[in-house]
Amino acid sequence: MTVSEIYETMDYGKAPESAADALAWLVDQGDRFGQFIDGAFTPPGEVFESRNPATGEVLAHLSQATKADVEAAVAAARKAQPKWEKLGGPGRARYLYALARLMQKHARLFAVLETLDNGKPIRESRDIDIPLAQRHFYYHAGMAQLMEAELPGRAALGVCGQIIPWNFPLLMLAWKVAPALAMGNTVVLKPAEFTSLTAMLFADLCRQAGLPNGVVNIVTGDGAVGEMIVASDVDKIAFTGSTEVGRKIREATAGSGKALTLELGGKSPYIVFDDADLDSAVEGLVDAIWFNQGQVCCAGSRLLVQEGVADAFLTKLKRRMETLRIGDPLDKSIDVGAVVDPVQLERIRGMVAGSNGEVFQAPCPLPEAGCYYPPTLITGLHPADTLMQEEIFGPVLCATTFRTPSEAIDVANNTRYGLAASVWSENINVALDVAPKLVAGVVWVNGTNMFDAAAGFGGVRESGFGREGGWEGLTAYTKSAAKPKALKPIAPFKGDQTEPQPVDRTAKLYIGGKQARPDGGYARDIYGKTGTLLGQAPIGSRKDVRNAVEAAQAAKSWAGSTAHLRAQILYYIAENLAAREGEFAARINQMTGGKTGAKEVDAAVTRLFSYAAWADKFDGQVRAVPSRTVALAMREPCGVIGAFCPDDAPLLGLVSLMAPAIAMGNRVVLVASEPFPLVATDFYQVLDTSDVPGGVVNILTGSHKDLAVPMASHMDIEAVWSFSGADISASIEKAAAGNLKRTWVNNGQARDWFAAEGEGRPFLEAATEVKTVWVPYGA
Ligand code: NAI
């Protein structure tokens, strides 16, 4: 088409990017890739094809890694790790910086290769994927530089297994590799089988940067290779992909002691209020759902538009859809490229065909060959319809309407996911009132799909756990530098006192601010060291867990109470406990047969004071992100936390879990020390006299083993912690896979509750989720 013809039709002219250099690079590599292990490529093994989804052409052949390959990669990473960590932050920063520079130098090659391999428009790979990947390496070069000063007492985890999807191949690699390396870990990474080519180019850059052998290892292949990595001798698994596979990985790693972060699916709401700038909101929607063909975990795939403007908005939207151009991803004037693979195309087609809504599709003709699917809008769906609930992972938007802000929040939160949300309103009061009420890890105000290395990204609910980016992303790649010690199990004392008791000394459970008999009606004798009967503790059951969770859920308003109020109540608990110090000290000594009761009560009072202090000080941060926005890293409570208290330090241990959790606005269901529960049942009186609202703290007694699975599998509990002396870490992690609740378990390791490791930031971090709220700021 000539320029004058373009003027006549006002149509776009083609502006194709050349694929020549990228194709030549593939030829130079010999077209067949082996594994990148210990700084070198292995000879190709059993190969599979990597195709260009826009044309169906074979781009290269990749090798399916064998178990021996994965083991060799892990061994290389293991061998390289201590030296890499000892290099120190500034030493590692140099390498990360060199990688960033090299990525920048080869940006064009990366962008074209990514587009050829994935089908995404070159506009996106050139302007979004590749610059953000570089930015991640620059940012984390800085984190390496600052690690020793800013993260004292933290050390690398060791070897990290990292499994990534096909929607942002290089960007996901950067999100995983940069923070891991910065913190002194070495990695074994598996790109997705559809899109491994930019990872191969990255491997080549690792060689060019002179990265020590074994620091980065890349193995290719399908899910079976992913499973091998999960099962291998790594210290952590970082996964991005489908919720289904995430759940499998949670189960497979349960009890292994491997750290785990999961970035999973989403069905993110895009909420348009009637006072929104509708034209901007339409443009935003193009980026929310048609960016990367909608193959984005945080895509704004559920449009919720306020009734009064719904018709006008949908009319504007359809008009905009008529101008979307779908076609050759290498054409710079293309809006929507190819879907990653025929398998994904069929999935999208199948899901849309099964819908009973009204389907509108962009009229742009599709190229005859290749994996193309038109931008699609489906209206008339019920919030409970499959397409409103399930992730389609394609260019398909499902729309519904709402009347009031509170209805918008209800519909938005009516999902098992909680990854992201967009709120559009010109009224700052509406937008910033709604943002905290959305159950999501990321909220964009008058924007969408904004990412930056300085801003944490990640979800809640079944969208997974852990954050990538920002300071919070580093917790996932570090651990305490202290050497772990094994926990010694404590058996309850035995006795055979059978005389009838003059007074019934059967304690009760504490549920909803009241003492409650256990549902099963049974209690266990509790003896002192010399065999004296001290009293009886109820044997809590699954039903008691349910009752306690119900009470905790009913106490939701605690999350919205002021931090000042929570601090006051913690001080009050401390004061009331201090007033009864002698009585509690005697009880501890009686139960444990020790002499440290007074010391323990004193430590518990101090701990309560510490968390009263923290309640209004463990706050959020403002992140310096580019482009006329700021990102607020807001700390929110997890919700209801179930916690198994340590067996040793029966009072201090309980307080050490309860106080950080409630200080941050959570409600708790605590299971008291199994051998020494009576100090917990005495503690009810302290709670009762300290203005703790009913349901904020619930306390059960009974067998940790029996209560572990009911607690971890309960769908209304958001997190489970265990510092129990019983061997329940594995069963908790496994049962938690159901709704992918976050877990924090001791895996048989001891913790000194009297020492610094018994309190502080790790507890507060576990008690909170960081919600990143992007708001417009500046011109
Ligand atoms: P997937 O979750 O199967 O694949 C992601 C990665 O995990 C790939 O590298 C894959 O090889 C690996 N993998 C697969 N099975 C594994 C296993 N059992 N153990 C360890 N690793 C394993 O995603 P898939 O099949 O490519 O896409 C299916 C659906 O998943 C999509 O339609 C979409 O709904 C969702 N998805 C979500 C993503 C996100 O970013 N949240 C990314 C990719 C897919």
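Whatever order the structure lists ligands and atoms in, that order sets their numbers, starting from 1. Please read all numbers here as calculations on a predicted model, not as lab measurements.
- For the pairing with Glu733, the side chain to side chain contact (heavy atoms under 4.5 Å, CB included) check across Lys258, Arg250, Glu251 returns one residue only, Arg250.
- For ligand 1, the 4.0 Å heavy-atom shell takes in Ile163, Ile164, Pro165, Trp166, Asn167, Lys190, Pro191, Ala192, Glu193, Asp222, Gly223, Gly226, Glu227, Phe239, Thr240, Gly241, Ser242, Val245, Ile249, Leu264, Gly265, Cys297, Gln344, Arg347, Glu391, Phe393, ordered by chain and residue number.
- Proximity of the aromatic rings of Trp744 and Phe465 is defined here by a centroid distance below 6.0 angstrom, and this criterion is not met.
- With sequence neighbours excluded, no residue forms a salt bridge (charged side-chain N to carboxylate O under 4.0 Å, His left out) with Asp341.
- In this structure, SG on Cys398 lies 14.0 Å from NE2 on His382, to the nearest 0.5 angstrom.
- Residues that satisfy the side-chain contact (heavy atoms from CB on, under 4.5 Å) test with Leu132, not counting sequence neighbours, are Ile128, Leu171, Phe451.
- Under the rule for a side-chain hydrogen bond (donor to acceptor under 3.5 Å, both in side chains), the partners of Lys437 that lie at least two apart in sequence or sit in another chain are Asp433.
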